[in-house]
Structures are given as structure tokens and as C-alpha cells.
Amino acid sequence: MSVLPSRFLYLCLHFLVLYFQLQESQQSTADFRIYIENHTRNPDDLSRKQVRIYQLYSRTTGKHVQILGKKINANGDDGGKYALLVVETETFGSHIRIKGKESEHYICMNDKGKIVGRPDGRRQECVFVEEFLENNYTALVSAKYKGWYLGFNRKGRPKKGSRTTQRQQEVHFMKRQPKGRVDPLEEFRFTPVTKRTRRARRLKPNSKRN
């Protein structure tokens, strides 16, 4: 008769332990969910969004991307007011939005692959994904239209996204600080491009042959 009460007591204790473990697990999950919501809901939270100001040097034109408003080209001078770009970066990925500091228009790509400037950058068409290339350049592919890149021809005119690939020089850019500006807190690595470095790159293949 004494065996039954002891077994019953053991089962009760076992169920109590499982109950408390389950409650603790649910509380931890809820706390983690609340933490994520709080850090992704507030757009001003530094842990979620970073804002940087820099220029995009175009490999094809030797100049910089500039946002004039609805029109965008890659003929901007170093330090030009329309070449200053405000780049909003999400820390949960490499998704960015690019806005002209002067024009306050965002670089966007419509469903035809055309590059346009829009005052509202909340659309998915205005989001690009950074791709870091082996040649130290950066390519920007549309987050909405897969395989369509931001690119400019030799005259600085935008290329249609449907006619671009990652290997084309037209879609290769370098992040550069504005002329005369030094920001010690800048987290990006900027590569200065001068006439001497361009000449060295042209002579580099010939030196290997010799």
C-alpha cells in the first residue's frame, strides 16, 4: 500500500518540474521577441540603422554619382553638392537606401529597370543590396528586381537594370569621402582614386608580362 503513494508523489514532482521548465522557456522566448521588436520598431535606434555621408566613384566615368532630383547621372565632381549621398544602412543586412543630401531624392529602380529619383525612399524599389567585389569595388543590386544593378555608361547616363551584370565595369563603384573632409568615426573603408593610381592600374598588366 505504501508503494502507490510514493509513485504518485514522484509523478507529481516530475510534472511540476516539467511545468516550471516550460514556463521558463516561454518567458525567455517572449523576452527575446520583445527585445527584437523594440530594436526594430524605432527607426532612430542606432543599433538598427546607420546613416553615412559619402560619394560613389564610378569606374566608367571617373566621376561621382549625383542626384539632381528626378534625374541621376555619374558626372558629379569630387565634393560637388549633388554628389554628396546620405546612405541609410540596415545593420541586419547589407540593404541600403541612397538619398541626395542636396536634392533629398532617393535612387530608385522601376519595373522597367530605369533609374529615377524619388522623394519617398520607403518603397522596395529604392532599396539596394551591397555586393563587395574582389577588385575592391562595390556593386549595388536591386533588392526588388534580382540581378538588376545600378550602373552608368561612359557618358554618365544610367543603364537599364535589365542590361546589367555584376562583371560589367558600369556597375562598379568606390565609396569615397567628400573632398577635404575627414571623418575619424567613419566605419567604411574608402579608397582614394587619383591620376597616379589610375595610371598604375593601366601599367600593372604590362609589368607582369615583362
Side-chain angles (χ1 to χ4, degrees), residues 40-41 43 48-178 188-191 193 198:
T40 56
R41 184 181 302 163
R48 177 178 181 265
K49 180 182 294 184
Q50 294 180 346
V51 178
R52 295 290 182 266
I53 298 178
Y54 57 79
Q55 302 175 127
L56 280 180
Y57 173 86
S58 171
R59 186 178 183 182
T60 52
T61 65
K63 292 193 174 184
H64 301 83
V65 176
Q66 60 179 0
I67 306 174
L68 304 175
K70 293 182 179 180
K71 294 184 178 181
I72 301 169
N73 62 49
N75 294 321
D77 294 327
D78 187 9
K81 63 180 182 179
Y82 291 103
L84 296 179
L85 307 177
V86 179
V87 182
E88 303 168 359
T89 306
E90 301 291 339
T91 58
F92 289 113
S94 54
H95 292 63
I96 64 173
R97 292 178 173 85
I98 305 173
K99 182 178 70 172
K101 188 175 186 297
E102 180 70 19
S103 65
E104 296 188 349
H105 277 60
Y106 288 83
I107 298 179
C108 305
M109 181 183 294
N110 63 22
D111 56 355
K112 296 180 180 179
K114 185 178 179 180
I115 301 298
V116 295
R118 299 188 188 279
D120 186 1
R122 290 175 294 181
R123 302 182 182 182
Q124 189 70 5
E125 294 179 345
C126 307
V127 180
F128 293 86
V129 181
E130 291 182 301
E131 294 182 355
F132 302 100
L133 310 179
E134 295 180 355
N135 56 7
N136 293 326
Y137 283 93
T138 300
L140 300 171
V141 62
S142 171
K144 184 174 183 179
Y145 306 109
K146 305 302 180 183
W148 290 9
Y149 289 82
L150 175 67
F152 299 88
N153 61 23
R154 294 185 180 276
K155 294 183 178 181
R157 298 173 182 172
K159 290 193 65 174
K160 282 191 174 183
S162 57
R163 298 180 181 177
T164 60
T165 64
Q166 190 194 73
R167 296 183 179 182
Q168 295 174 345
Q169 293 187 5
E170 289 88 340
V171 307
H172 295 177
F173 304 96
M174 279 188 180
K175 300 171 185 176
R176 297 184 65 191
Q177 283 281 9
F188 291 111
R189 178 183 176 182
F190 294 91
T191 306
V193 180
R198 286 198 293 267

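In this chain, numbering begins with 1 at the start of the sequence shown.
Of all non-hydrogen atoms in Ser103 and Ile67, the two that sit nearest each other are OG-O, 3.0 Å. The nearest pair of heavy atoms linking Ala143 to Gln124 is CB-NE2, 3.7 Å. Lys63 and Ala74 make their closest contact through CB-O, 3.6 Å (heavy atoms, listed as atom of the first residue, atom of the second, distance). Closest of all the heavy-atom pairs between Arg97 and Arg122 is NH2-O, 3.9 Å. When all heavy atoms of Lys81 and Glu102 are compared, the closest pair comes out as O-CB, 3.6 Å. When all heavy atoms are compared, the tightest approach of Phe132 to Thr138 is CD2-OG1, 3.8 Å.
Within the 4.5 Å cutoff, the side chain of Ile107 has heavy atoms near those of the Ile115 side chain. Put simply, the side chain of Tyr106 does not reach to within 4.5 Å of the side chain of Arg123, judged on heavy atoms. Looking at heavy atoms from C-beta onward, Asn75 lies out of side-chain contact with Phe152 at the 4.5 angstrom threshold. The shortest distance between side-chain heavy atoms of Met174 and Tyr137 falls below 4.5 Å. Residues Arg118 and Asn110 are in side-chain contact: their nearest non-hydrogen atoms beyond the backbone lie under 4.5 Å apart. With contacts defined as side-chain heavy-atom distances shorter than 4.5 Å, the pair Arg52/Thr89 does not qualify. Using a 4.5 Å heavy-atom cutoff, the side chains of Ile98 and Leu140 are in contact. Between Val87 and Leu56 the shortest side-chain heavy-atom distance does not fall below 4.5 Å.
Between the Gln168 side chain and the Arg163 main chain, a donor and an acceptor come within less than 3.5 Å of each other. Between the side chain of His172 and the main chain of Gln166, a donor-acceptor pair closer than 3.5 Å is present. Put simply, the side chain of Ser162 never gets that close to the backbone of Gly113: no donor and acceptor are under 3.5 Å apart.
Rounded to the nearest 0.5 Å, atoms CE (Met109) and OG1 (Thr164) are 6.0 Å apart. Atom CZ of residue Phe128 and atom OH of residue Tyr145 lie 10.5 Å apart, to the nearest 0.5 angstrom. To the nearest 0.5 Å, atom CD of residue Gln177 and atom CD1 of residue Ile53 are 9.5 Å apart. A distance of 12.0 Å separates CD1 of Ile96 from CD of Gln50, quoted to the nearest 0.5 Å. Atoms CG and CD, from Asp120 and Glu125 in turn, are 11.0 Å apart once rounded to the nearest 0.5 Å. In this structure, Ile72 CD1 and Leu150 CG are separated by 7.5 Å, a value rounded to the nearest 0.5 Å.
Classification of Glu130 and Lys175 as a salt-bridged pair holds, one side-chain N sitting under 4.0 Å from a carboxylate O.
Within a 6.0 Å radius of CZ in Arg157, no more than 12 heavy atoms belonging to other residues, nucleotides or ligands are found.
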Let me see the working for Asp78 and Gln55 under side-chain contact (heavy atoms from CB on, under 4.5 Å), right down to the final yes or no. CA-CA 8 Å; Asp78 187 9; Gln55 302 175 127; 2.8 Å; yes
Just do the side-chain hydrogen bond (donor to acceptor under 3.5 Å, both in side chains) check on Glu131 and Tyr149 with the steps written out, would you? CA-CA 10 Å; Glu131 294 182 355; Tyr149 289 82; 2.9 Å; yes
Show the numbers, then the answer: is there a side-chain contact (heavy atoms from CB on, under 4.5 Å) between Val141 and Lys146? CA-CA 7 Å; Val141 62; Lys146 305 302 180 183; over 6 Å; no
